[in-house]
Amino acid sequence: QVQLVESGGGLVQTGGSLRLSCAASERTFTTYAMGWFRQVPGKEREFVAAIKWTRDNTYYADSVKGRFTISRDSAKNTGYLQTNSLKPEDTAVYYCAATVSTAVYSPSYYPMYPRQYAYWGQGTQVTVSA
């Protein structure tokens, strides 16, 4: 069973930065797209960013555009979420997710919904203090 292992969360002050990482437990695991979502207690899981593995198409929630950057290292089968200019409202548990669906090859396929992902990390807490 492939697992996604996240790291990089923590406590930062407003305006600070964190780099989240998400690595597949098996190097032979083929990722077609990776997404980052976040969740706070009592709310639904929220889309943050996604990247298609083959063409580097990237997608961002409006709330993080210009502050967060998603990237990937195919050789390491690892995805990253660079978070800059953090705000208290960014506080949440951040989850990475991966899909092996070839549907991502379609230009009109936007991997922005939890139901589109089959594999999930355990979550990493990001806390931004005021």
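Keep in mind it's a predicted model, so treat the numbers as computed, not measured. Only this structure's heavy atoms are used, side chains among them; waters, hydrogens and symmetry mates stay out.
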Which pair of heavy atoms, one from [X] and one from [Y], lies closest together, and at what distance?
{"X": "Pro111", "Y": "Tyr109", "answer": "CD-O, 3.5 Å"}
{"X": "Asn84", "Y": "Ser17", "answer": "OD1-OG, 2.9 Å"}
{"X": "Gln39", "Y": "Glu44", "answer": "NE2-C, 4.0 Å"}
{"X": "Val40", "Y": "Ala92", "answer": "CG1-CB, 3.6 Å"}
{"X": "Trp36", "Y": "Ile70", "answer": "CD1-CD1, 3.6 Å"}
{"X": "Val126", "Y": "Gly9", "answer": "CG2-CA, 4.2 Å"}

* Side chain proximity check, Pro88 to Thr14, heavy atoms < 4.5 angstrom -> yes
* Is there a side-chain contact between Gln82 and Phe68, using heavy atoms and a 4.5 Å cut-off? -> no
Using 0.5 Å steps for rounding, measure from the [atom1] atom of [X] to the [atom2] atom of [Y].
{"X": "Cys22", "Y": "Met34", "atom1": "SG", "atom2": "CE", "result": "4.0 Å"}
{"X": "Tyr117", "Y": "Cys96", "atom1": "OH", "atom2": "SG", "result": "10.5 Å"}
{"X": "Leu20", "Y": "Tyr94", "atom1": "CG", "atom2": "OH", "result": "7.5 Å"}
{"X": "Arg38", "Y": "Glu46", "atom1": "CZ", "atom2": "CD", "result": "4.5 Å"}

Hey, does the side chain of [X] reach the backbone of [Y] with a donor-acceptor pair shorter than 3.5 angstrom?
{"X": "Lys52", "Y": "Val104", "value": "yes"}
{"X": "Thr127", "Y": "Leu11", "value": "no"}
{"X": "Thr83", "Y": "Leu18", "value": "yes"}
{"X": "Glu6", "Y": "Gly123", "value": "yes"}
{"X": "Gln116", "Y": "Tyr110", "value": "yes"}

* Carefully, step by step, assess Phe37 and Trp120 under the rule ring pair (Phe, Tyr, Trp, His ring centres under 6.0 Å). => CA-CA 10 Å; Phe37 295 79; Trp120 289 85; 5.3 Å; yes
* To do: Each residue besides Val5 in its hydrophobic cluster should be listed here, by chain and number; the cluster joins Ile, Leu, Val, Met, Phe, Trp and Tyr at side-chain heavy-atom distances under 4.5 Å.
  => none
* Asked: For Thr78 and Asp73, does a side-chain donor sit closer than 3.5 Å to a side-chain acceptor?
  -> no
* Give a yes-or-no answer on whether the side chains of Thr91 and Glu89 include a donor-acceptor pair shorter than 3.5 Å. => no
* List the steps and the verdict of side-chain contact (heavy atoms from CB on, under 4.5 Å) for Asp90 and Arg67. => CA-CA 11 Å; Asp90 293 319; Arg67 300 188 298 122; 2.7 Å; yes
* Does Val64 belong to the same Ile/Leu/Val/Met/Phe/Trp/Tyr cluster as Met112, with side-chain heavy atoms less than 4.5 Å apart forming each link? -> no
* If Ile, Leu, Val, Met, Phe, Trp and Tyr residues are connected whenever their side-chain heavy atoms lie under 4.5 Å apart, and connections chain through other members, are Tyr119 and Tyr113 in the same group? -> no
* To do: Determine, stepwise, if the pair Ser106 / Ser108 fulfils side chain to side chain donor-acceptor pair (under 3.5 Å).
  => CA-CA 5 Å; Ser106 170; Ser108 62; 3.0 Å; yes
* To do: Show the numbers, then the answer: is there a side-chain contact (heavy atoms from CB on, under 4.5 Å) between Arg72 and Asp56?
  => CA-CA 8 Å; Arg72 53 87 173 146; Asp56 273 349; 2.9 Å; yes
* To do: Indicate, with yes or no, if the rings of Tyr32 and Tyr105 have centres closer together than 6.0 Å.
  => yes
* Check against side-chain contact (heavy atoms from CB on, under 4.5 Å), Tyr59 and Val48 -> CA-CA 8 Å; Tyr59 310 86; Val48 176; over 6 Å; no
* To do: Give the intermediate values and the outcome of side-chain contact (heavy atoms from CB on, under 4.5 Å) for residues Thr69 and Tyr60.
  => CA-CA 8 Å; Thr69 302; Tyr60 295 95; 3.9 Å; yes
